Amino acid sequence: MAFRAPSRSAACRIVVAAAMLAPGPLAWAQTAAEDTVRSRYPPPEYKPLGVDIGYGETLLLFPKAQISVSHTDNLFRDGADRVADQIVTFAPSLDLKSDWDNHVLEAGVRAEIGNHIDNPDEDYVDASARLRTRIDVSEDDKLDIETLASRRHEDRSSRDDTNEREPTIFHVVSGKLTAEHQGGAVLLRLSGLVERQDYEDNGLIDNDDRDRLQSEIRLRAGYEIVEAAQPFIEVAANRRDFDVVIDNDGIRRGSEGYEVLAGNTVDLSGVTFLEGAVGYRVQTFDEPSFADVTGPTFKGRAVWNATDLLTLTLRLDRRIDETTIADSAAVTVTEASLAADYAPLEHLLATARVGFGNDDFEGSGDVDQRWRVDLGIEYLIGSNFVVGASYSHDRRSTSDETGDFIANDFVFRFTSQL
C-alpha cells in the first residue's frame, strides 16, 4: 500500500534526527528478497480473513490453534543411549494486525504445550508475547519498535545443557529500536537491541550464573552508486554483562566487542537479491585467562526467484555466541544453509533445507560440526484449515566424540485458523 507522507516540517526533521541516534534492520521497499514464493503463500483466496474488532476492518484478530504429533528416535540427542518417544503438541496463538495506509501495529501471544508419551519429565510449556509498531515519520523515514517476552526450555542438543532430569527453563525479555532513512540513493539505518536472559535453577544445578543482559548497537550507511546496487559500511558494538560477576566455576563471564563490515546489496529485476559483507571482529573478555577472540567475519544472503513457483535462498553467517562451559570463553559459530520453497499448486507448499554449522569453542579447542536436513509439505483446506508433515535429520560430530549424535524426527500437523 502507498504511504501518505506528512509535510516535512522542522519538527519532523528533529524527530527523524533523534530517531537516527537511537539503535536492527528494517526495509519497507519491495525487493526480490520479499517477493518470494513463501511471501505470496497462501494466495488471497486462501488467506485467513481474521476477525474485525470494530475499527472498520483496519484492526483484525487472527486466532490459530495447531495440534501436532511427532516421533523422534533420539529424544535426548545422545550418541550412546538413543531413546525414542512420541510427542503431542498443542500450540494456540492470537495475533493482532493493522491494515492502515500509514504505520503498522502488530501484537501477538502464543504458547506451545508439549506432552511426551514415554518421558513425561520432558514435558514443557513455552509461551511468548510480542508487540511491534512502525511509525512512518515520512515517506523516507521510519521508526520501528519491537518488544518480546518469552518463556522457553533449553533444547537437549544445546552444549550448555546439564543433562538434568527435566529441561532447563529460561526467560527472555528484549527490546529493539530501529530508525531508518532510505531516500533516493542514500540508506542510513541505526538499530539497538537489549536482551535479558534469566535461567531457572534445575535440580541441583544453580543457574544464576547464566543470567545476563546483552546489548548491541549497529549502524549501516549505504549509497546506490549504480542502479540496483548499494554498497554499504556497517559497524557494531556489543556488551554482555552477567548478574554473577564470577560464576560457579570461578570465571568472570562478561565481555564486550565490536565488528566492522563492508558489503553490497544488489536487487536485480525483482528476481535476484544478493547481499553480502565481510569484515573483522573483536571480542574482549573480563576473565584475564581468556584471550581475545579476533578474526574475519562475514554474513550473506542470496535469494533467487527462479520461477513464480520456486524460490531458492542461500545464507551465510559468522558470529560469536555466549557459552557457560567452564574452559571456553565463547563459541565462534559459522553457518551456511540452502533452502527451497516450491508451490506447484496455489494451496500446496513444499520446502527443503540443508544446513551446516561449525562451532569453535574458544579456549578449550573443542570443535563441533552440525548438519541438518529439513523436508516439509503443507496443504491448505480452504482458508481455515491446514495439514502438514515434516521430516528432520539432525546430527552433530564433536572433536572428542563425547557429544556426537544422530536424530530423526517426523511431525504431522493440523492447524485451524480464522
Side-chain angles (χ1 to χ4, degrees), residues 38 41-42 46 48 51 61-95 108-130 148-158 160-172 199-200 202-203 347-353 355 370 372-396 405-418:
R38 182 169 291 276
Y41 179 86
Y46 286 94
V51 179
L61 281 175
F62 293 88
K64 179 188 292 187
Q66 183 179 91
I67 296 176
S68 64
V69 179
S70 61
H71 170 82
T72 179
D73 65 1
N74 194 348
L75 176 65
F76 297 100
R77 297 320 197 235
D78 194 296
D81 185 15
R82 297 169 63 89
V83 176
D85 204 349
Q86 293 74 44
I87 306 102
V88 179
T89 304
F90 175 58
S93 65
L94 181 64
D95 290 308
V109 292
R110 58 198 66 238
E112 183 173 300
I113 305 165
N115 292 282
H116 295 69
I117 303 302
D118 298 325
N119 297 270
D121 286 340
E122 292 299 301
D123 292 352
Y124 62 88
V125 178
D126 292 347
S128 66
R130 171 181 173 265
L148 174 69
S150 62
R151 179 187 193 270
R152 309 175 190 175
H153 71 286
E154 192 165 55
D155 193 89
R156 288 299 189 181
S157 64
S158 170
D160 288 316
D161 180 50
T162 54
N163 296 316
E164 289 298 299
R165 187 169 61 89
E166 297 179 354
T168 297
I169 304 300
F170 65 103
H171 306 265
V172 178
Y199 290 78
E200 295 184 7
N202 191 353
H347 52 268
L348 182 67
L349 177 66
T351 62
R353 179 183 178 277
R370 298 173 282 112
R372 184 179 175 96
V373 176
D374 295 288
L375 303 173
I377 191 167
E378 186 175 290
Y379 183 85
L380 295 167
I381 306 174
S383 60
N384 300 121
F385 302 101
V386 186
V387 292
S390 63
Y391 163 74
S392 298
H393 176 80
D394 194 10
R395 64 168 58 200
R396 182 174 66 200
F405 74 79
I406 298 176
N408 298 281
D409 298 334
F410 300 86
V411 184
F412 299 91
R413 302 179 182 87
F414 175 78
T415 304
S416 175
Q417 59 191 11
L418 293 178

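These numbers come from a predicted model, not from an experiment. Positions are given from 1, in the same order as the sequence printed here.
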### Message
Any non-hydrogen side-chain atom of Glu154 less than 4.5 Å from a side-chain atom of Thr162?
### Response
no
### Query
When His347 is tested against each of Phe385, Tyr41, Tyr379 for ring pair (Phe, Tyr, Trp, His ring centres under 6.0 Å), which residue passes?
Tyr379
### Message
Quick check against the 3.5 Å criterion: does Asp85 have a side-chain atom that pairs as donor or acceptor with the backbone of Asp118?
### Response
yes
### Pairwise distance NE2(His171) to OH(Tyr199) - rounded to 0.5 angstrom
11.0 Å
### Residue pair Leu148 / Val172, side-chain heavy-atom distance below 4.5 Å
no
### Task
Return the minimal non-hydrogen interatomic distance between Phe90 and Ala65, and the atom names on each side.
CE1-CB, 4.1 Å
### Message
Angle between ring planes, His116 versus Tyr124, binned at 30° and 60°: parallel, tilted or perpendicular?
### Response
perpendicular
### Message
Does any part of the side chain of Thr89, heavy atoms only, come nearer than 4.5 Å to the side chain of Ile113, both counted from C-beta?
### Response
no
### Query
Are Thr168 and Glu200 side-chain neighbours, meaning at least one heavy-atom pair lies under 4.5 Å?
no
### Summary
side chain to side chain contact (heavy atoms under 4.5 Å, CB included) test vs Ser68 passes for just one of Val411, Val88, Ile87, namely Val411
### Query
Who are the salt bridge (Lys or Arg N to Asp or Glu O under 4.0 Å) partners of Arg370, not counting sequence neighbours?
Glu335, Asp359
### Query
Minimum heavy-atom separation for Phe62 to Pro48, with atom names?
CE2-O, 3.5 Å
### Query
Between Arg130 and Asp95, does at least one N-O distance fall below 4.0 Å, as a salt bridge requires?
no
#### Entry: Closest non-hydrogen atom pair, Ala84 against His71
CB-CE1, 4.1 Å
### Query
Around atom OH of Tyr391, are there more than 12 heavy atoms of other residues, nucleotides or ligands at under 6.0 Å?
yes
### Query
Under 4.5 Å between any side-chain heavy atoms of His393 and Ile406, yes or no?
yes
### Message
For the CG atom of Leu348 and the CG atom of Leu380, what is their distance to the nearest 0.5 Å?
### Response
8.5 Å
### Summary
Value for CG (Leu375) from CZ (Phe410), rounded to nearest 0.5 Å, stands at 10.0 Å
### Message
Phe405: which residues meet the ring pair (Phe, Tyr, Trp, His ring centres under 6.0 Å) condition with it, sequence neighbours left out?
### Response
none
### Message
Is the shortest side-chain heavy-atom distance between Ile381 and Val387 below 4.5 Å?
### Response
yes
### Query
Given side chains that start at C-beta, do those of Asp161 and Asp155 come closer than 4.5 Å, heavy atoms only?
no
### Query
Is a donor on one side and an acceptor on the other found under 3.5 Å between the side chain of Asp374 and the backbone of Ala352?
no
### Query
Where the side chain of Asn119 meets the backbone of Asp121, is there a donor-acceptor pair that is under 3.5 Å apart?
no
### Message
Please check: side-chain N/O of Arg151 versus main-chain N/O of Val125, any donor-acceptor pairing under 3.5 Å?
### Response
yes
### Message
Check this for me, if you would: do Arg152 and Asp126 make a salt bridge, where the nitrogen-to-carboxylate-oxygen distance has to be below 4.0 angstrom?
### Response
no
### Query
Do Ser158 and Asp160 meet the criterion of a side-chain donor-acceptor pair at a distance under 3.5 Å?
no
### Electrostatic pair Arg77:Asp409 at N-O distance under 4.0 angstrom
yes
### Message
Please find the pair of heavy atoms, one from Gly382 and one from Tyr46, that lie closest to each other, and give the distance.
### Response
O-CD2, 3.3 Å
### Flag, side chain of Arg156 to backbone of Glu122, donor-acceptor distance under 3.5 Å
no
### Query
Could you give the distance from CZ (Arg82) to OG1 (Thr72), rounded to the nearest 0.5 Å?
8.5 Å
### Any donor-acceptor N or O pair under 3.5 Å, side chains Arg38, Thr351
no
### Message
Is the shortest side-chain heavy-atom distance between Ser93 and Gln66 below 4.5 Å?
### Response
no
### Message
With side-chain contact (heavy atoms from CB on, under 4.5 Å) as the criterion, how do Asn408 and Asn74 come out once you've worked through the C-alpha distance, each side chain's angles and the decisive distance to 0.1 Å?
### Response
CA-CA 7 Å; Asn408 298 281; Asn74 194 348; over 6 Å; no
### Message
Just verifying a value: how many Å separate Ser383 OG and Gln417 CD, rounded to the nearest 0.5 Å?
### Response
7.5 Å
#### Entry: Atom pair OG (Ser150) and CZ (Arg110), whose distance is rounded to the nearest 0.5 Å
11.5 Å
